[in-house]
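Here's the structure we're looking at; comments come further down.
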Amino acid sequence: MVERENFGMRVIGCGWTRRTAMVAALALSLGVGGVSCASSEEEPERKPYVGADEVCDGLFAGRLAGMIEDVTGHKVFSGAPNKMSDVVKALKAGYASGHMWAAGETLCRLSPKGAGPTDASGEVDFSMYHPSDLEDEAPSNDVKRYDMGKIATSGQGGASLYFECMTPKLQSSEQRPLRIAGGFSRGKSSVPDTPEHRDLKMIIVHAMSLMVSDELECENNAGLPETPVLTSGA
């Protein structure tokens, strides 16, 4: 297997794409560790509880870890894996189905220590959205809208980022792009809803969306900026 040093973390046999360097620029600016993954030959021993920098195999390592703590109000979580391969598989299957929308997959579930099996303080999900979903994301006083992707919003319950992906991995995607909706839902939390926390949730969704775009080899970062744009949209 090939060993690579990546963003301060050792990644073994992860199959990073030719476009990872584009994501690396953002990761370095945020201090993000990037997605780590297990060898296909051996599953690592997973800790029952970890900090935000280790949860989901280091998905939020770096400055994102502090953001996760801020928006969830927790510092210790169950040692859940990241499910990037499941997310990519679900998005590809949804596109291949020819349907207008398709259920996706959870990339990371944040269950704080002591929580019940169905309780979560945060969750990152990706799915294939229906074109009409963009109409449902009309501006309102309850959310902040951002100048990114097709539509990007953040409110008390979480943040959403809609974007389109054209990739050589999906036949005909240049004519019919894969429509992707990324979301961070906050779940149960006593953290107050503030403009700062809304921006933090959007930063988290943007970083995760870039990772998904990289895994899918979406052209031009799926139209997403390398650094999050936190200015309000129209």
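As the structure is a computational prediction, the values presented were derived from the model and not from experiment.
No single ILVMFWY cluster, assembled from side-chain heavy atoms under 4.5 Å apart, contains both V191 and V205. In this structure, W101 is not a member of the same hydrophobic cluster as Y129, with clusters built from ILVMFWY side-chain heavy atoms closer than 4.5 Å. Both V88 and L210 are part of a single hydrophobic cluster, where members link through side-chain heavy atoms under 4.5 Å apart. Both L170 and F163 are part of a single hydrophobic cluster, where members link through side-chain heavy atoms under 4.5 Å apart. Two different hydrophobic clusters hold V76 and L59 under the rule that ILVMFWY side chains link at heavy-atom gaps under 4.5 Å.
Taken to the nearest 0.5 Å, the CE atom of M67 stands 10.0 Å off from the CG atom of D199. To the nearest 0.5 angstrom, K92 atom NZ is 14.5 Å from S97 atom OG. Here the CD1 atom belonging to I204 is positioned 11.5 Å from the CZ atom belonging to R63, to the nearest 0.5 angstrom. How far CG of L110 is from OG of S78: 9.5 Å, rounded to the nearest 0.5 Å. Note: K75 NZ to E69 CD = 4.0 Å, rounded to the nearest 0.5 Å. Atoms OG and CZ, on S209 and F184 in that order, are 12.5 Å from each other to the nearest 0.5 Å.
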- Message: side chain to side chain contact (heavy atoms under 4.5 Å, CB included) for S160 and I151? Distances and angles first, verdict last.
- Response: CA-CA 8 Å; S160 300; I151 285 185; over 6 Å; no
- Message: Using side chain to side chain contact (heavy atoms under 4.5 Å, CB included), reason through S172 and Y95 one step at a time and then give a plain yes or no.
- Response: CA-CA 10 Å; S172 302; Y95 184 86; 4.2 Å; yes
- side chain to side chain contact (heavy atoms under 4.5 Å, CB included) between L161 and T153, worked out: CA-CA 7 Å; L161 178 56; T153 60; over 6 Å; no
- Query: Going through the checks in order, is the side chain to side chain contact (heavy atoms under 4.5 Å, CB included) test met by M208 and L107?
  - Reply: CA-CA 9 Å; M208 299 300 102; L107 175 60; 4.0 Å; yes
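The two residues H197 and D70 make their nearest non-hydrogen contact at NE2-O, 3.6 Å. Shortest non-hydrogen contact noted between K201 and S154 is CB-OG, 3.9 Å. Contact record, S173 with C165: CB-O, 4.1 Å, taken as the closest heavy-atom pair. Here the closest heavy-atom approach between residue E226 and residue N221 is recorded as CG-ND2, 3.4 Å. When all heavy atoms are compared, the tightest approach of M202 to L230 is CG-CD2, 4.4 Å. Of all non-hydrogen atoms in G79 and V50, the two that sit nearest each other are CA-CG2, 4.0 Å.
By the 4.0 Å N-to-carboxylate-O rule, K89 lies too far from E105 to be salt-bridged with it. Between D133 and R179 there is no salt bridge, since no side-chain N of the basic residue sits under 4.0 Å from a carboxylate O of the acidic one.
Looking at F60 and N82, their side chains never come closer than 4.5 Å, going by heavy atoms from C-beta outward. Within the 4.5 Å cutoff, the side chain of Y49 has no heavy atoms near those of the V55 side chain. Put simply, the side chain of P131 reaches to within 4.5 Å of the side chain of M100, judged on heavy atoms. Counting only heavy atoms from C-beta outward, the side chains of L216 and L91 approach each other to under 4.5 Å. Side-chain contact between Y162 and I180: absent, with no pair of heavy atoms (C-beta onward) separated by less than 4.5 Å. Counting heavy atoms from C-beta outward, T167 and L178 have side chains that stay 4.5 Å or more apart. In this structure, the side chains of E54 and K47 come closer than 4.5 Å at one or more pairs of heavy atoms. For the pair H99 and H130, the minimum side-chain heavy-atom distance is 4.5 Å or more.
The one candidate from T194, V143, D193 that meets the side chain to side chain contact (heavy atoms under 4.5 Å, CB included) condition with Q156 is D193.
Remark: V229 pairs with D147, M148, P225, T231 by the side-chain contact (heavy atoms from CB on, under 4.5 Å) rule, at least two apart or across chains.
In summary, the side chains of H74 and T72 do not present any donor paired with an acceptor at a separation below 3.5 Å, with no hydrogens or angles considered.
Within the 3.5 Å criterion, the main-chain N or O of E215 finds a donor-acceptor partner in the side chain of K169. Using a distance-only test at 3.5 Å, with no hydrogens or angles considered, no donor-acceptor pair links the side chain of S127 to the main chain of G104.
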